[in-house]
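Each residue takes its place number in the sequence, starting with 1. These numbers come from the heavy atoms of this one structure, side chains and all, not from hydrogens, waters or symmetry mates.
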Amino acid sequence: MYAEERQQAIANEVRQRGRVSVAELAERFAVTGETVRRDLAVLQRSGSLMRVHGGAVRLDVAAVVDEPDLPSREAARQSEKAAIGVAAQRFLPATGGSVLFDAGSTTYQAATAVSGDARLQLVTNSVPIASSLTGLSRSTVLLIGGRLRPKTQAAVGADAVEAFARLHVSVGFIGTNGLTADHGLSTPDSDEAATKRAMIACCDRVVVLADSSKMNRQELVGFSGLEHVDVLVTDAGIDPALVTALTEHDIEVVVA
């Protein structure tokens with residue numbers, strides 16, 4: 001395939017899907033990532049798309065490709081997230097066990113729902129979650145360090161990944177920006193994705209906490225297949241067909 005033909009095919013893909021990643025384009029067209037990045041640069045100059053970290057997006061969605069900041073997330077679907085946080089408590093380990101709280105507005109609700117009598121080892125990369133957990137006087141709190149993302153107030157990057165690689169956690173409460181039956185869990189930011197992968201790898205049990213607005217939605221960077229997920233706690237807005245698909249992957253779906 002000539003470069004012009006490949007670039008036209010990439011432009012069509014972006015128009016149809018809204019966003020694409022360098023990795024998937026390289027695999028699809030059997031070329032290197034550098035070749036794809038050059039193609040994307042050409043297409044951006046022609047006004048066909050906008051490049052973003054790790055891929056490209058259609059021009060009409062470029063303005064909203066960034067994640068909402070934490071206050072915006074906390075304000076959205078508050079009742080659903082609070083219910084999910086309460087429902088998540090049944091998956092806490094026994095006394096003395098360890099729990100990881102991923103950064104996010106729904107995982108924050110799970111953290112604030114933990115009983116003051118709990119005796120647990122609590123781990124998080126979220127500054128707001130760590131602050132809320134310090135009120136649990138019978139538990140210990142480990143705040144993972146790294147590059148702090150202003151939008152999510154989460155520590156991410158190489159230092160965070162390395163820190164999680166040294167841990168072995170009983171249960172992890174993980175958030176996601178998108179979840180589909182075909183592509184698993186995804187997020188817009190590559191550093192956030194790498195950190196989430198490291199979290200999942202260090203947990204014996206992975207419990208995803210996500211409201212139904214995240215379902216059947218795919219963001220730019222995938223960070224986990226469904227085979228690594230044990231439980232999904234969500235709300236009643238989830239598509240029944242997706243519930244069936246997740247159940248076929250041996251995932252327990254809990255509707256809060």
Side-chain angles (χ1 to χ4, degrees), residues 66-93 99-115 118 120 122-133 135-136 141 143-144 149-156 160 164 169 171-180 184-189 192-193 195-197 199-200 203 205-219 221-224 226 228-239 242-243 246 251-256:
D66 283 342
E67 302 161 88
D69 58 20
L70 193 58
S72 298
R73 291 186 185 190
E74 290 174 345
R77 303 177 65 85
Q78 287 182 321
S79 60
E80 290 90 344
K81 292 176 181 179
I84 290 169
V86 171
Q89 303 307 298
R90 62 182 274 198
F91 299 103
L92 289 173
V99 187
L100 187 157
F101 292 92
D102 185 9
S105 56
T106 309
T107 49
Y108 178 87
Q109 292 295 330
T112 58
V114 176
S115 168
L120 298 166
L122 307 171
V123 181
T124 187
N125 67 326
S126 164
V127 174
I129 289 178
S131 179
S132 72
L133 293 174
L136 303 176
V141 181
L143 174 60
I144 298 298
R149 292 192 68 212
K151 277 188 176 294
T152 61
Q153 297 184 41
V156 299
F164 282 120
V169 180
V171 177
F173 290 130
I174 307 297
T176 186
N177 297 81
L179 186 158
T180 70
L185 312 179
S186 58
T187 187
D189 184 81
E192 193 96 41
T195 305
K196 288 175 183 288
R197 286 190 205 102
M199 289 180 184
I200 289 173
C203 294
R205 194 177 198 194
V206 173
V207 180
V208 173
L209 308 182
D211 69 80
S212 59
S213 71
K214 310 300 193 302
M215 303 299 111
N216 290 322
R217 175 174 165 180
Q218 183 182 356
E219 295 293 344
V221 188
F223 64 87
S224 176
L226 295 180
H228 301 300
V229 178
D230 298 296
V231 181
L232 168 67
V233 185
T234 186
D235 60 71
I238 186 172
D239 180 359
L242 180 58
V243 174
L246 296 176
I251 296 173
E252 179 182 357
V253 179
V254 176
V255 175

For this session: Taking all heavy atoms of Ala103 and all of Ala154, pick out the closest pair and write down the distance.
Result: CB-CB, 3.4 Å
Exercise. Hey, mind stepping through Leu209 and Tyr108 against side-chain contact (heavy atoms from CB on, under 4.5 Å) and telling me if it holds?
Worked result: CA-CA 10 Å; Leu209 308 182; Tyr108 178 87; over 6 Å; no
Exercise. Any salt bridge between Glu219 and Lys196, counting N to O under 4.0 Å?
Worked result: no
Exercise. With respect to Thr124, which candidate in Thr107, Leu100, Ile129 satisfies the side-chain contact (heavy atoms from CB on, under 4.5 Å) definition?
Worked result: Ile129
Problem set entry | Contacts of Phe164 that satisfy ring-ring contact (aromatic ring centres under 6.0 Å, His included) - sequence neighbours left out | none
For this session: Keeping the roles fixed (side chain from Arg217, backbone from Ser212), state whether a donor-acceptor pair exists under 3.5 Å.
Result: no
Exercise. When rounded to the nearest 0.5 angstrom, what is the spacing between CZ in Phe223 and CD1 in Ile200?
Worked result: 5.5 Å
Problem set entry | Closest approach of Cys203 to Val171 (non-hydrogen atoms, all atoms of both residues) | SG-C, 4.3 Å
Exercise. Just by distance, do the side chain of Asp235 and the backbone of Ile84 share a donor-acceptor pair under 3.5 Å?
Worked result: no
Exercise. Can you find a heavy atom in the side chain of Thr187 that is under 4.5 Å from one in the side chain of Thr176?
Worked result: no
Problem set entry | Shortest non-hydrogen separation from Val221 to Ala193 and the atoms involved | CG1-CB, 3.5 Å
Problem set entry | Gap separating the CZ atom of Phe101 from the OG1 atom of Thr112, nearest 0.5 angstrom | 9.0 Å
For this session: Measure the spacing between CG of Asn216 and CD1 of Ile238 and express it to the nearest 0.5 Å.
Result: 8.0 Å
Exercise. Rounded to the nearest 0.5 Å, how far does CG of Leu185 lie from CG of Leu226?
Worked result: 6.5 Å
Seminar exercise, completed: One should read off an interatomic distance between Thr234 OG1 and Lys81 NZ, to the nearest 0.5 angstrom, of 11.5 Å
For this session: Please examine the side chains of Met199 and Asn125, heavy atoms only from C-beta on, and report whether any two atoms are closer than 4.5 Å.
Result: yes
Exercise. Which is it for Asp189 and Lys151 under the side-chain contact (heavy atoms from CB on, under 4.5 Å) test, yes or no, and what are the steps along the way?
Worked result: CA-CA 11 Å; Asp189 184 81; Lys151 277 188 176 294; over 6 Å; no
Seminar exercise, completed: Shortest non-hydrogen pair, Arg205 vs Asp230, comes out as CA-OD2, 3.3 Å
Problem set entry | side-chain contact (heavy atoms from CB on, under 4.5 Å) between Leu179 and Leu246, worked out | CA-CA 10 Å; Leu179 186 158; Leu246 296 176; 4.0 Å; yes
Problem set entry | Gln89 versus Ala110, closest heavy-atom pair with distance | NE2-O, 2.9 Å
Exercise. Can you tell if the side chain of Leu136 reaches within under 4.5 Å of the side chain of Val141, non-hydrogen atoms only?
Worked result: no
For this session: Please report the shortest heavy-atom distance between Ile251 and Leu232, naming the atom on each side.
Result: CG2-N, 3.9 Å
For this session: With rounding to the nearest 0.5 Å, note down the distance linking OG1 in Thr180 to CG in Asp239.
Result: 12.0 Å
